[in-house]
Amino acid sequence: MSQTFAILTARHHTVWLWLCSATLIALAWLSLSSGPVGWDWRIPLAIFLPDSAIQGISELHMTVVTQIRLPRLLLALLVGCVLACSGAASQALCRNPLADPSLMGVTGGAAVAAIAVIALSPKVAFINETMVAPAAFLGALAITSLLYRIASHNGQIQITVLLLAGVAINAVAMALIGLFSFFADDTSLRLMTYWQMGALAGASWSAMQYGAPLILICVVMLFMRREQINALMLGERDARHLGVNVRRLKNEVIFLVALGVGGAVAMSGMIGFIGLLVPHLARLLVGPDLRRMLPLSMLLGCVVLLIADWLARLVVAPSELPIGVITALFGSPFFVYLLIQQKRGSHA
């Protein structure tokens, strides 16, 4: 029965894509229309139509929408998309559904580098906030390369070693973050504390110009390589027979994941479990084929992060919770569920 369900969902992947697209449009409309300033369903129309077409919307309201809500919406779309895409690519590279940039320490590496820049920028003359995105990318790249070297043996990635190394690296990352927090001034400390929990509140057009290009490059390049990564899931030997340059593809996937995660962490802080939860959900809906699963993962990543952002703004309104708290509250039980399912599969 489960096989029949999988076949049906795979055949109707277009339906899932349209359903997620419609949900995404509705959530985007809600995100632009609502906020502390007030609710008005005409706001999204007013952004694109001439001023004369929409009456009764104040200039202050429009300024809030174009300078706060719209950048926040675009940031949520970019971060949700790249975290889901990077998670799917990491799981395909490792051939294991538990592989995720946040669990493997990639997010921690990006966070340490970015927090170092935030903490040192008031004290070191040549360090400034424009270096946060490049530093996060370099930190993510260094940790990803280190993890791959530690966990690979004879061309095969040992998942147990990978996850344990990720736990160790996350512990070291938290220690370094605590060290930078100890020496940071009050202004930097408040920013670092809020940033560690993940948030979209700092979204702005100026902040996005540094991290958005990294994210777009990652998403586009991984999407273009989805068929090659798909072949890699069959095994390295089979992938070579299909004409895939396995070594180069692995290096490219590692580089692109680090690029995307670094850009996301630089702009939104540490948001966990999107890369773990969303690809697995997409895999349940349309199967493991990346030609179907990757586009759906990207859409679902946007949907999940928009829902989390809406909950973060709603629960303690007019204040807001860090969005990383919301994703962790829902993602942690799901991770436990994955562990239990993998345990049952190994026993079977």
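The first residue of the sequence shown is numbered 1, and numbering continues consecutively from there. All values below were derived from every heavy atom in this structure, side-chain atoms included, with hydrogens, water molecules and symmetry-related copies excluded.
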Query - Pairwise distance CG(Leu300) to CG(Leu19) - rounded to 0.5 angstrom - result: 9.0 Å
Query raised in the report: Is Val286 linked to Met233 within one hydrophobic cluster, defined over Ile, Leu, Val, Met, Phe, Trp and Tyr using a side-chain heavy-atom separation of less than 4.5 Å?
Result: yes
Requested in this report: Begin with the C-alpha distance, continue with both residues' side-chain angles, and end with the deciding distance and a verdict on side-chain contact (heavy atoms from CB on, under 4.5 Å) for Thr23 and Leu306.
Outcome: CA-CA 10 Å; Thr23 305; Leu306 280 179; over 6 Å; no
Query raised in the report: In this structure, are over 12 heavy atoms from other groups packed under 6.0 Å from Trp205 atom CH2?
Result: yes
Query raised in the report: Does any non-hydrogen side-chain atom of Met221 lie less than 4.5 Å from one of Leu259?
Result: no
Query raised in the report: Would you say Arg69's side chain and Leu32's backbone share a donor-acceptor pair under 3.5 angstrom?
Result: yes
Report summary line: Correct closest heavy-atom pair for Ala76 and Leu200 would be CB-CD1, 3.6 Å
Query raised in the report: Nearest 0.5 Å, what's the CG-CD1 distance between Leu146 and Ile169?
Result: 5.0 Å
Query - Worked check of side-chain contact (heavy atoms from CB on, under 4.5 Å) between Cys81 and Leu77 - result: CA-CA 6 Å; Cys81 181; Leu77 296 178; over 6 Å; no
Report summary line: d(Leu299 CG, Ser21 OG) to nearest 0.5 Å is 4.5 Å
Query raised in the report: Roughly how far apart are Ile229 CD1 and Leu290 CG, rounded to 0.5 Å?
Result: 6.5 Å
Query - Co-membership, hydrophobic cluster, residues Ile215 and Val220, 4.5 Å side-chain - result: yes
Query - Gly272 backbone acceptor or donor facing Thr327 side chain under 3.5 Å - result: yes
Report task. Measure across Arg95 and Leu232 and return the closest heavy-atom pair with its distance rounded to 0.1 Å. Result -> NH1-O, 3.4 Å
Query raised in the report: With side chains defined as the heavy atoms from C-beta onward, is the minimum distance between Leu311 and Phe330 less than 4.5 Å?
Result: yes
Query - Minimal non-hydrogen separation, Ser206 against Gln209, with atom names - result: O-CG, 2.9 Å
Query - Shared hydrophobic cluster, Phe182 / Phe180 (ILVMFWY, side-chain heavy atoms < 4.5 Å) - result: no
Query - Student check: side-chain heavy atoms of Phe223 and Met298 closer than 4.5 Å - result: yes
Query raised in the report: Are Met174 and Phe183 connected in a single hydrophobic cluster, I mean Ile/Leu/Val/Met/Phe/Trp/Tyr linked by side-chain heavy atoms less than 4.5 Å apart?
Result: no
Query - Single-linkage hydrophobic cluster Leu147~Val161, side-chain heavy atoms < 4.5 angstrom - result: yes
Requested in this report: Could you check if a side-chain atom of Cys85 sits within less than 4.5 angstrom of a side-chain atom of Cys218, using non-hydrogen atoms only?
Outcome: no
**Report entry** Contact summary for Pro279 and Ile274, nearest pair of heavy atoms
**Finding:** CD-O, 3.6 Å
Query - side-chain contact (heavy atoms from CB on, under 4.5 Å) between Arg225 and Val253, intermediate numbers included - result: CA-CA 9 Å; Arg225 286 161 174 75; Val253 171; 5.6 Å; no
Query raised in the report: Heavy atoms, side chains only, cut-off 4.5 Å: are Ile254 and Leu93 in contact?
Result: yes
Query - Side chain to side chain, Gln196 and Ile115, heavy atoms closer than 4.5 Å - result: yes
Requested in this report: Report yes if some heavy atom in the side chain of Leu242 is under 4.5 Å from a heavy atom in the side chain of Gln228; otherwise report no.
Outcome: no
Query raised in the report: Going through the distances and angles, do Val112 and Ile177 end up as a side-chain contact (heavy atoms from CB on, under 4.5 Å)?
Result: CA-CA 6 Å; Val112 168; Ile177 289 173; 4.0 Å; yes
Query - N/O donor-acceptor pair under 3.5 Å between Ser31 side chain and Leu27 backbone - result: no
Report summary line: Distance col, row Ile143:CD1 vs Thr107:OG1, nearest 0.5 angstrom, shows 11.0 Å
**Report entry** Gln91 side chain to Gly275 backbone, donor-acceptor under 3.5 Å
**Finding:** yes
Requested in this report: With rounding to the nearest 0.5 Å, note down the distance linking CG in Asp289 to CZ in Arg226.
Outcome: 10.0 Å
Query raised in the report: Which atom pair, heavy atoms only, marks the closest approach of Arg72 to Asp309?
Result: NH2-OD1, 2.6 Å
Query raised in the report: What's the shortest heavy-atom distance between Gly105 and Asn170, and which atoms?
Result: CA-OD1, 3.4 Å
